[in-house]
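Have a look at the structure below, then the notes.
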Amino acid sequence: MARVVVDVMLKPEILDPQGQAIAGACERLGFSGISEVRQGKRFEVEVEGEADEAKVDEVRRMAETLLANPVIEDFSVRVE
Amino acid sequence: MARVVVDVMLKPEILDPQGQAIAGACERLGFSGISEVRQGKRFEVEVEGEADEAKVDEVRRMAETLLANPVIEDFSVRVE
Amino acid sequence: MTARVGVVTFPGSLDDRDAARAVRLAGAHPVPLWHADRDLQGVDAVVLPGGFSYGDYLRCGAIARFAPVMNELVPAARSGALPVLGICNGFQVLCESHLLPGALTRNRSLRFINRAQAVRIESTATAWTNRYTEGEQIRIVLKSGEGNFVADEATLDELERSGRVIARYVGDAPNGARRGIAGVSNEHGNVVGLMPHPEYAVEDLTGPSTDGLDFFTSLLAHLASSPATVTATG
Amino acid sequence: MPEQPQPDTVAAAQRTPDTSQPYAELGVADDEYARIRSILGRRPTSAELAIYSVMWSEHCSYKSSKVHLRQFGEKAPHSDALLVGMGENAGVVDVGDGRAVTFKIESHNHPSYVEPHQGAATGVGGIVRDILTMGARPVAVMDALRFGPLEASDTRRVLPGVVSGISSYGNCLGLPNIGGELGFDAGYARNPLVNALCVGVMRHEDIQLAQAPGPGNKVVLFGATTGPDGIGGASVLASAAFDDESHAKRPSVQVGDPFLEKLLVECSLELFRDKLVVGIQDLGAAGVSCATTELAAGGTGGMRIELDRVPLRDSTLTPEEILMSESQERMMAVVEPGRLDAFMDTCRKWDVQASVIGEVTDVTPDEAERGGRLVMTWNGETVVDLPPRTASDEGPVYERPYARPAEQDALQADTPDTLERPADDEELRAQLLDVLAAPGVCDPSWVTEQYDSYVRGDTVLSAPHDAGMIRVGEDGERGIALATDGNGRYTRLDPYTGTQAAFAEAYRNVAASGARPLAVTNCLNFGSPEDPGVMWQFAESTRGLADACQKLGTPVTGGNVSFYNQTGDTAINPTPVIGVLGVIDDVHSRPTTAFPRNGEGSRIVLLGS
Ligand SMILES: Nc1ncnc2c1ncn2[C@@H]1O[C@H](COP(=O)(O)OP(=O)(O)O)[C@@H](O)[C@H]1O
């Protein structure tokens, strides 16, 4: 078993109301020096066997079609 | 400006229906060899200046008090 | 003296008006409390209403927990003095504030659920349920996207053992809540969190029943029988 | 930091009259461009071109539909209940006890296909702001939806996304969903219909209008910051003006923030209550362009805006992009200088950002004659100087050719009489079950369970009843009822009668809930107006609705037209969705859509033919 991680974030030009709400809360709570927060998703995908190139490709296709919404999100895939 | 990343995942003993739904969809869509998917959150926190130890500590406190709920979630903090 | 019951409005609260209506229909006087005020205005009890405080963007209730009004509320509630009812988002705020154990997560179906729901009252030993009878089934409104109550096994066992599970869904928990838990209380019985909404079951015209009203009349009975509580928070 | 590009100024436009401009890419026709040049007496700056292109678009100017929509006014039956008619953001109807109601439907079809969740969510957000702008508290929403066949892979993507978008936005705003429609037809594959209705309640004296009277009054933009949302089209202006990769790919998707909208609603209602605004407009599809030109046109005609004072989410936005941005959750108010501090205090209380971006100005009689004068500057340089009424009220009006399509006869000749009848009871039973199990007929609770129908505690009827009903005024007796209906197949077969049938169904649904129908709104979903056959459907459909409204004594108070609903050259079935509003004096007297539990022995009566 190996783990492939897919990070999905809103594209930079897309509004992130969640991140904004968190940044606002940080300020009120007195956490200083935080200029921006963006919230995205992290998927931990457990694949059978080794995380070889074919497996990672499969997860990449999965990310494209299922985990991320390419209209508004970017994603990255890596073995952890 | 530097980026500190906080990953938040449900504790292993807590059921993750989103992850399960995704794993189920993977199977239906013909992605094979996926044994488990868990969905968590990824926060990208932009801090002013350098991400020195003090800054990372501040983000860690933020993660503890705000970004993660220790009752059900684990988190990790790293500079990216 | 008419009891004065505070209803907190956070940015994004939705059911504050309805909580106030239920308080009024029960015969008490609702007092609006603003999230940004560090002042409970001497109320006898507080309702944390449903809604999407701060958009519920991070986790439901996670940001509301830090509102100034909560700084006043939390110690008074923890000590057992101040009766507090958290409904739906209010329940989530109470869990995030660690006034109640556990957490509320996404519904198992991953979808919002809006329906009239049968609920069984499991404990009448709280400030908010003493007018019900144990085992009584009521029909109130469930409307939430993150109503799935979770806690570790030890916590769940302890809740059961100490009689702090105050309400359960009848039949399968529609949201997947562990052991069908719809509501819990703290060890003093003054703080109650409830996922379904009794305040939407107080009028025949608009609700599935009027079964919810007794949460509010229970409070009045509780206040009448323990005048010390009233002065303690005054 | 890349150097700030030089904006195209009025001075530059005068200096370089022959610079070629990408007007065609912005959807501006040759003769429209010529008219802009003649109005201005020079070529437009690119910012001015941005304004005209969005204000004269089909969506904002109703240039193809206007000549037909006029009938709704011309044939409108007299109604004592009508307080504000068509033309404003939404019509207003008197419901008694000093209370008034405003309601309207809007489409968000195309955005909901591109990004179902956000498209549908922002559709709800937009119509709610329309209602809020009238001075009313939004109290309920409805949604009329059409999708391709249930089993189509596209429907599997679009339907859940649309429903979750409506659910999350409406629920987070705290507006009960009191009904709607769910239909399926092959024609809506790749062109779903997402029509959202909102209804609001106010006291008569609270009606707000989009106007900017009083020179010296401040123009305030409040709500969300402005970002590059929905300005895919603006990129041609940016890239024509300067080479910059980052502007080439702007998102066409708008993302909604329902939490901010909730704050905006509460904040605005407090501003109205304290009489802190003299005019207000929501920022819809055409954003700052629309709000400034319409507010100015509705007032003195004069306004001065410093565009660089618009708070931005992305500091690289150009003036053109700011003017075209469709960022959600923004409003523009006109405020007397003496009330500005109080206005800002209320915004602060609700954590709503607000910025003064300009003021109302006087115009000379000459300028008034030309259509007023709207001036916008960018870092001190004038980038816009145009008569706002020419953009907002005097857009092009087309008498598009229309003709009954040749295949209409064949379509009508193909009657159900030729269909085979069930041979025996068994087959009849099977067919009946098939009908009951069809996706558009069976229990829609997979959808309706995702919508909060209880919030606000005034919902008397919602799904599964024929009409939605809301109590107006806390603990009052009075209520309003609403229903929407539409049937693309009937309307295709006969646009005139089909539209009347949809209207009659909504009317009956309201009447059957015990309410008296008072007023009508509509959302007219059609194919391309450039197709004479589609235009004929549109002409017939509007004529049918206007005639029926006249007959039944219920005026049309507003609505929305959505053209270009087609996949390739194939238009959807013409789908006018008609909403009817009624009033009921005592909500306790409403009959419900069910046989009573203890009704054994009651008679069942069929009314009508
Ligand atoms: N998209 C929707 N949103 C909200 N309510 C809906 C939607 N679709 C259907 N409904 C509700 O479900 C019920 C049944 O709908 P439908 O089967 O279309 O009824 P009918 O055929 O009687 O018009 C009605 O109360 C209707 O308002």
Side-chain angles (χ1 to χ4, degrees), chain A residues 1-12 16 18-52 54-68 73-78 80, chain B residues 1-12 16 18-52 54-68 73-78 80:
Chain A
M1 285 256 296
R3 171 175 299 172
V4 184
V5 172
V6 181
D7 288 324
V8 176
M9 298 299 292
L10 280 174
K11 293 186 176 169
D16 175 16
Q18 319 196 47
Q20 285 186 350
I22 296 163
C26 288
E27 215 178 285
R28 282 194 305 280
L29 292 177
F31 293 111
S32 60
I34 308 293
S35 56
E36 200 191 338
V37 180
R38 288 181 79 79
Q39 176 174 342
K41 295 176 193 154
R42 172 188 165 93
F43 297 92
E44 295 182 354
V45 182
E46 310 291 335
V47 299
E48 282 153 21
E50 254 184 280
D52 53 18
K55 280 273 158 54
V56 174
D57 270 355
E58 175 116 350
V59 175
R60 187 167 291 117
R61 277 204 313 285
M62 208 174 115
E64 260 162 29
T65 48
L66 189 64
L67 303 181
E73 293 169 329
D74 293 327
F75 68 89
S76 70
V77 178
R78 70 196 136 85
E80 201 161 74
Chain B
M1 285 257 293
R3 171 176 299 172
V4 184
V5 172
V6 181
D7 287 324
V8 176
M9 299 299 293
L10 280 174
K11 291 188 172 166
D16 172 19
Q18 314 195 47
Q20 286 183 344
I22 293 163
C26 286
E27 218 176 284
R28 280 195 305 282
L29 292 176
F31 293 111
S32 60
I34 308 293
S35 57
E36 199 193 340
V37 180
R38 288 183 77 78
Q39 175 171 344
K41 295 173 190 155
R42 172 188 164 94
F43 299 93
E44 295 183 354
V45 182
E46 309 289 336
V47 299
E48 281 152 22
E50 257 182 278
D52 53 18
K55 280 273 159 54
V56 174
D57 271 355
E58 174 116 351
V59 175
R60 188 166 292 118
R61 277 204 311 285
M62 211 172 111
E64 260 163 29
T65 47
L66 185 66
L67 301 182
E73 292 168 329
D74 294 325
F75 68 90
S76 71
V77 178
R78 71 195 135 87
E80 201 161 74

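Model, not experiment: these values are computed from the prediction. Every chain is numbered from 1, with letters handed out A, B, ... down the list of sequences. These values consider heavy atoms only, across backbone and side chains, with no hydrogens, waters or symmetry-generated copies.
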Chain B contacts, top residue of A:Thr65, A:Val47, A:Leu29 (heavy-atom pairs, under 4.5 Å): A:Val47
Using heavy-atom distances under 4.5 Å, tell me whether [X] contacts chain B through its side chain, its backbone, both, or neither.
| X | answer |
| --- | --- |
| A:Ile34 | both |
| A:Arg61 | both |
| A:Ser32 | both |

Nearest-0.5 Å distance that lies between atom CD in B:Gln18 and atom NZ in A:Lys41: 8.0 Å
How long is the straight-line distance from CD of B:Glu36 back to CD of A:Glu46, given to the nearest 0.5 Å? 5.5 Å
Look at B:Asp7, B:Val45, B:Leu66 and state which one has the largest set of heavy-atom pairs under 4.5 Å with chain A. B:Asp7
Should we count CD of B:Glu64 as having more than 12 external heavy atoms under 6.0 Å? yes
Considering non-hydrogen atoms only, spot the tightest contact between A:Cys26 and B:Met62 and give its length. SG-CE, 3.3 Å
Determine whether a donor-acceptor pair (N or O, by modelled atom type, separation under 3.5 Å) exists between the side chain of A:Ser35 and the backbone of B:Glu48. no
